[in-house]
Amino acid sequence: MTALLPPAEPLIGRFVSLSPFVPADVPELAGALRYPEVFAGGYGGGPAGLPADDAAFERFALGYYAGGPLALPWTVRLRGGEHDARVVGATKFGDLDLVNESGHIGWTAYDPRVWATGVNVETKLLLLGMAFEHGFGRVKLQADSRNERSRAAILRLGASFEGIARRHKLRADGSWRDSAVYSIVVDEWPSVRAALEARLAARGDEPIRLAETSA
């Protein structure tokens, strides 16, 4: 079976919604993501990639979240509660290879005030469900090998560690990054989905709130 390109339509969960990224989202994304702690772990090329101002962030975001035949970028918003519809992050399903039924969930960052709240769990649940429902057999996730926080989060999603891609990507400071590569394959999806759903169920039905201070 050859995978099908998913439609660029909103993905709706209990706590978050994902809508196709549009340039009009950029100002709200700047408010959510233009923080040193967001770029510290490797996002956007690492600490040196932090845009100096909102204009620089706009140039960065329009390139980073470009769509096209091989990429579906998304803006992440909260659902319900006092912060309903608040933009809290962005992500992308990219490097799509329909013939070989593979894709990559990445380019992901969230407002530090929603770290460890369930936002990432439900975002990944929605994206993985979309991928496997459209015939994808393997979904890759990766992180800077030095980013222990992101690597641990990927493992908690149920992904399997595949290895280190050495000298894989150029960081914004000119150094070379090794990437830790993980994947989830379609045969694992039922158990991975059940575990993610259980994690969300355990947090109850209370809408996600922004923390008072950055993480």
Side-chain angles (χ1 to χ4, degrees), residues 8 10-11 15-68 70-79 81-95 104-120 122-124 126-127 141-151 153-154 167-180 207-215:
L11 303 174
F15 305 110
V16 301
S17 65
L18 278 60
S19 57
F21 169 82
V22 294
D25 296 336
V26 169
E28 289 180 276
L29 280 173
L33 304 181
R34 197 167 69 81
Y35 297 107
E37 56 265 48
V38 173
F39 284 74
Y43 175 72
L50 176 66
D53 53 32
D54 286 344
F57 183 89
E58 180 177 18
R59 292 191 295 272
F60 157 75
L62 292 177
Y64 210 59
Y65 294 108
L70 301 179
L72 294 170
W74 306 89
T75 298
V76 182
R77 290 177 169 84
L78 296 181
R79 288 197 72 210
E82 63 182 292
H83 302 301
D84 184 52
R86 175 74 171 256
V87 170
V88 293
T91 188
K92 185 160 67 173
F93 186 41
D95 296 339
H104 171 197
I105 295 176
W107 302 268
T108 305
Y110 304 107
D111 189 316
R113 291 169 293 180
V114 299
W115 290 359
T117 62
V119 166
N120 185 55
E122 188 162 57
T123 295
K124 294 301 194 294
L126 292 169
L127 290 174
L141 304 100
Q142 66 185 27
D144 190 313
S145 64
R146 303 189 304 199
N147 188 343
E148 296 296 336
R149 182 180 180 278
S150 289
R151 294 183 63 176
I154 292 172
R167 205 176 188 270
H168 178 228
K169 296 180 71 175
L170 191 64
R171 297 188 180 98
D173 65 4
S175 65
W176 284 96
R177 156 181 153 167
D178 294 342
S179 293
I208 292 171
R209 297 168 55 92
L210 271 67
E212 292 297 325
T213 59
S214 296

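All values below come from the heavy atoms of this structure, side chains included, with hydrogens, waters and symmetry mates left out. From a predicted model like this one, the values you see are computed outputs, not experimental measurements.
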About how many Å separate [atom2] of [Y] and [atom1] of [X], when rounded to the nearest 0.5 Å?
X    : Y    : atom1 : atom2 : answer
D84  : R79  : CG    : CZ    : 7.5 Å
R171 : R177 : CZ    : CZ    : 7.5 Å
W107 : T91  : CH2   : OG1   : 8.5 Å
K169 : D144 : NZ    : CG    : 9.5 Å
R151 : R146 : CZ    : CZ    : 12.0 Å
L72  : L127 : CG    : CG    : 9.5 Å

Side chain [X], main chain [Y], donor-acceptor under 3.5 Å:
X    : Y    : answer
T108 : G106 : yes
Q142 : S179 : no
D178 : R167 : yes

Taking all atoms of both residues into account, what is the closest heavy-atom pair of [X] and [Y], and its distance?
X    : Y    : result
D173 : S175 : OD1-OG, 2.6 Å
A90  : L29  : CB-CD2, 3.9 Å
G49  : A172 : N-CB, 3.4 Å
P20  : D25  : O-OD2, 4.0 Å
F39  : G44  : CE2-CA, 4.0 Å
E37  : P112 : CG-CG, 3.5 Å

Item to check | Test side-chain contact (heavy atoms from CB on, under 4.5 Å) applied to F21 and V76, step by step | outcome: CA-CA 9 Å; F21 169 82; V76 182; over 6 Å; no
Is any side-chain heavy atom of [X] closer than 4.5 Å to a side-chain heavy atom of [Y]?
X    : Y    : result
Y110 : T123 : yes
F15  : P207 : no
V119 : L78  : yes
Y65  : V26  : no
D54  : P27  : no

Checklist entry - Salt-bridged, R113 to D111, with N to O below 4.0 Å? => result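 Salt bridge: yes.
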Checklist entry - Are a donor atom and an acceptor atom from the side chains of R77 and T75 found within less than 3.5 Å of each other? => result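 No - no donor-acceptor pair under 3.5 Å links their side chains.
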Checklist entry - Between Y64 and Y43, how do the two ring planes meet: parallel, tilted or perpendicular, split at 30° and 60°? => result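 Because their plane-to-plane angle is over 60°, the rings of Y64 and Y43 count as perpendicular.
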Checklist entry - Pick one: which of V88, I208, L210, V16 meets side-chain contact (heavy atoms from CB on, under 4.5 Å) with T117? => result I208
